[in-house]
Each structure stands twice: as structure tokens, then as C-alpha cells.
2 protein chains.
Amino acid sequence: MKIGELAKLTGVSVRSLRYYESQGLISPVRLANGYREYSPLAAETVETIQLYLNLGLTTEQIAGFLHCVLKNKEAFCAEVMPLYESKLEEIERQLHQLTQIKLNLEERMASIRREREGSGAEFQAKSGEE
Amino acid sequence: MKIGELAKLTGVSVRSLRYYESQGLISPVRLANGYREYSPLAAETVETIQLYLNLGLTTEQIAGFLHCVLKNKEAFCAEVMPLYESKLEEIERQLHQLTQIKLNLEERMASIRREREGSGAEFQAKSGEE
DNA sequence: ATAGACCCTGACACTGGTGTTAAGGTCAAC
DNA sequence: GTTGACCTTAACACCAGTGTCAGGGTCTAT
């Protein structure tokens, strides 16, 4: 099938399909006129790529084990587990940081609300403006 | 004081101080030779900018209320609260998404571990490689 | 007057997948 | 033989703050 068909079939843009190819994730053959010709299996490959992208892996990382997971079960691809582990650590760091910022924000918001109630001005937040 | 001194004093790079100026956050006067001359109050301004950047606000957003918060308490600056509210919503969306990915990752990791234990191969994760 | 520390502006790089456009080739149907 | 849908490559834009370099000016102490 041609790139437009694959795009419709998978819901992934033509642009992205070409990008995946440039990153070594998928290698359609070329017809005499230069058009890409995808095997019917390509749809599954693209969906697999999307799955890993949605887990937050990069195309470079996916390129490292895509061959393997397309042929075997994940459990047999040694590269996957370390990636999952480091990704999990990264996500936990991000969760921690976001949670800190959230607490900080909530504290400041609470503080503002306290000050506004404390003063006689009932939420007339115009006073101090220069 | 000159920009290098302010950088040392605040721990913010010279590059960043110039960037803040380009974004309208701080406006040092210029000496006859073109050098920036910062008032002693600039250190406090820079620290305030850092505080808001660490909350995840952009320089553009900070520019909208920095004048006010340098003169008054936050509670008197009407622009602040809506920004905090929308930032909080954004962070909650991100937390939700990250949590989903984390659950997904953990589920897949558990699944891999189950499959490996299920087979006779004791963590010899080489088998399936092509 | 010269070394060395400091200042200036301007510009590219980075992260990374995707949108978008430009300029042009191919093909099927009419 | 021309229209229109589809394909090709190449390139810039995005987010947004920071690092870094190039090319050049200023000031101080020796």
C-alpha cells in the first residue's frame, strides 16, 4: 500500500510515517517511480511504534528493540526492561517535581485568599495595581 | 552594579540576565560606555523572577505582574490568581497523564516479569534476539 | 601600551515529534 | 492533454530558557 493509505489506516500522519522512516523505524520498499510501498504488516508496525511513543520512549530508543518485539514477545527482548526501568525513574522524578510545584502553588493561592479575607476589601483585587 | 556582579550575587547566569531584560522583566540603566548598571534592588527582582520561573510560569506571564508584586503583596495583584489557577490545572493534567503512563509501564514490567518466571529460563534474557 | 578581565550584540544549538509549505514529479480518468 | 489527487524531497516553525561562540569594545593595572 502507499503512504496515504497507511496514514488513513493507522490514523498517523504522512509526515510522521516519513519521520519514522528517517529514524530507521520502518523501511518500505520503493517503486520504480520513487513511491514508498508498504507491506500489509506495516500497519501493525506503526501501531507498535505509537504504543511505545505513548509510553514516552523516543524514536531512537524504539529503534533499538523494535525489530525484536515485532518478532517476539517483549519479555524476550533484553533491551526493553532497562528502558522501562529508566523511564519509570524519570517519570517518578517528574511526578515528584510536579507535585512540589503543585504544593507550592496551592500554598501561595491559599495565602492570597487568606490575605484577601483578612483585609476589609471583599475580593476587590484592584487596589494595589500601579 | 554591573551584570557580572549581579550574576554572582544571584547565581543567575549573565546570559539569563540579558534574556530577562529582552523579555521586559528588568531594565538596567546604561552607562556612557554601554554597560548595564543595575540598582541594588535588582538582586531582589531577579530572585523574584526565579521564584516565578520555578513555579513554571513563562517570562511573558511574569512580565504581566512583576511590577505589581515588586511593589505590593501578591494578593493585591489581580493578574496572579488566574495564572495560578490555570497553571494548577495544567499541572493536574500533566500529573494525570504521567500517572497513566506510570501505571502502563508498571503493568508492562510486571507482565514481562511474569512471562520470564513462567518459562524455565531464569532471567536469561537473550533467547529471542535475532 | 599591553595583558587580562569584563562588557557589548548577534546568532546558532538544544529537545523531538509534528504541522506546514514550497517546488516539483506521477498517474488515472476524463 | 489536462485536471486533480497523490507522491517526492527539503526546509522552516514550534516551545522557551539557557549554553556557547564569534567578533569586537572598555577598563585597570602593570
Side-chain angles (χ1 to χ4, degrees), chain A residues 1-38 42 45-64 66 83 86-87 90-91 93-94 97-98 101, chain B residues 1-38 42 45-64 66 83 86-87 90-91 93-94 97-98 101:
Chain A
M1 82 190 90
K2 295 208 289 302
I3 197 168
E5 298 172 72
L6 183 58
K8 257 175 215 149
L9 195 59
T10 58
V12 172
S13 72
V14 168
R15 175 72 178 87
S16 293
L17 293 176
R18 293 201 188 109
Y19 179 67
Y20 299 161
E21 181 178 354
S22 79
Q23 298 308 106
L25 293 180
I26 189 169
S27 301
V29 297
R30 294 301 181 111
L31 300 180
N33 58 15
Y35 287 16
R36 292 166 175 84
E37 176 67 25
Y38 292 89
T45 302
V46 171
E47 277 154 23
T48 303
I49 292 168
Q50 287 284 297
L51 183 155
Y52 289 114
L53 284 178
N54 287 337
L55 283 177
L57 301 186
T58 67
T59 52
E60 187 183 355
Q61 292 173 323
I62 297 169
L66 185 61
L83 278 178
S86 65
K87 190 71 202 175
E90 183 190 331
I91 286 177
R93 277 194 302 275
Q94 291 175 352
Q97 195 187 2
L98 279 180
I101 293 176
Chain B
M1 80 190 91
K2 293 207 291 300
I3 197 169
E5 298 171 73
L6 182 58
K8 257 175 214 148
L9 195 59
T10 59
V12 172
S13 72
V14 168
R15 175 70 178 88
S16 292
L17 292 176
R18 294 200 188 110
Y19 179 68
Y20 299 160
E21 181 177 354
S22 79
Q23 299 305 109
L25 292 179
I26 189 169
S27 301
V29 297
R30 294 300 181 113
L31 300 179
N33 59 15
Y35 287 16
R36 292 167 177 85
E37 176 68 25
Y38 292 90
T45 302
V46 171
E47 279 153 22
T48 303
I49 293 169
Q50 287 284 296
L51 183 155
Y52 289 114
L53 284 177
N54 287 336
L55 284 177
L57 302 186
T58 67
T59 52
E60 187 183 355
Q61 292 173 322
I62 297 169
L66 184 61
L83 278 178
S86 65
K87 190 73 201 175
E90 182 190 332
I91 286 176
R93 276 193 303 273
Q94 291 175 352
Q97 194 186 3
L98 279 180
I101 294 176

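So that the names make sense, note that chain A is the first sequence line, chain B the second, and so on, each numbered from 1.
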OP1 or OP2 of D:dT18 less than 4.0 angstrom from a side-chain nitrogen or oxygen of B:Ser13, does that happen here? no

Quick check: any donor-acceptor pair below 3.5 Å linking the side-chain of B:Tyr20 to the base of D:dG17? no

Could you go through A:Ile62 and A:Thr48, starting from their C-alpha distance and side-chain angles, then the distance that decides it, and tell me whether this counts as side-chain contact (heavy atoms from CB on, under 4.5 Å)? CA-CA 10 Å; A:Ile62 297 169; A:Thr48 303; over 6 Å; no

Measure the distance from CD on B:Glu37 to C1' on D:dC27 and round it to the nearest whole Å. 14 Å

Does B:Gln97, at its CD atom, have more than 12 non-hydrogen atoms belonging to other residues, nucleotides or ligands within less than 6.0 Å? no

Is there side-chain contact between A:Glu37 and A:Lys2, with at least one heavy-atom pair below 4.5 Å? yes

B:Leu31 has an atom CG; how far is it from atom P of C:dC6, in whole Å? 17 Å

Counting only distance, no hydrogens or angles, is the base of D:dT8 paired donor-acceptor with the side chain of A:Arg36 under 3.5 Å? no

Selection from D:dT26, D:dG17, D:dC7 that lies nearest to any side-chain heavy atom of B:Thr59: D:dG17

Closest nucleotide among C:dT9, C:dC7, C:dG17 to the B:Arg30 side chain: C:dT9

Closest non-hydrogen atoms of B:Gly4 and B:Val14, given as atom of the first, atom of the second and distance, are CA-CG2, 4.3 Å

Without decimals, in angstroms, what is the distance between A:Lys2 NZ and C:dT26 C1'? 10 Å

Rounded to the nearest Å, what distance is computed from the CG atom of residue B:Asn54 to the C1' atom of nucleotide D:dG17? 12 Å

Nearest to the side chain of B:Tyr19 - D:dG17, D:dC6, C:dG19? D:dG17

In this structure, how many angstroms lie between the P atom of C:dG17 and the CD atom of A:Glu21, rounded? 16 Å

For D:dC15, take OP1 and OP2 only and decide whether either is under 4.0 Å from a side-chain N or O of B:Thr58. no

Measure from the side-chain heavy atoms of B:Leu53 and tell me the nearest of D:dG17, C:dC6, C:dG16. D:dG17

Could you say whether A:Gln23 or B:Arg15 is positioned toward the 5' end of DNA chain C, judged by the nucleotide with the nearest heavy atom to each? B:Arg15

With distance as the sole criterion, do the side chain of B:Arg18 and the base of C:dT9 form a donor-acceptor contact below 3.5 Å? no

Could one point to a donor on the side chain of A:Tyr35 or the base of C:dG25 with an acceptor on the other under 3.5 Å away? yes

I need the CD-P distance between B:Glu5 and D:dC27, as an integer number of Å. 15 Å

Grab the CG-P distance between B:Leu25 and D:dT18 for me, whole Å please. 11 Å

Going through the distances and angles, do A:Glu90 and A:Lys87 end up as a salt bridge (Lys or Arg N to Asp or Glu O under 4.0 Å)? CA-CA 5 Å; A:Glu90 183 190 331; A:Lys87 190 71 202 175; 3.4 Å; yes

B:Glu5 atom CD, neighbour heavy-atom count above 12 within 6.0 Å: yes

Between A:Ile3 and B:Glu60, name the one whose nearest nucleotide on DNA chain D is closer to the 5' end. A:Ile3

OP1 or OP2 of C:dC27 less than 4.0 angstrom from a side-chain nitrogen or oxygen of A:Asn33, does that happen here? yes

Please report the distance, rounded to the nearest Å, between CG in B:Leu17 and C1' in D:dG17. 13 Å

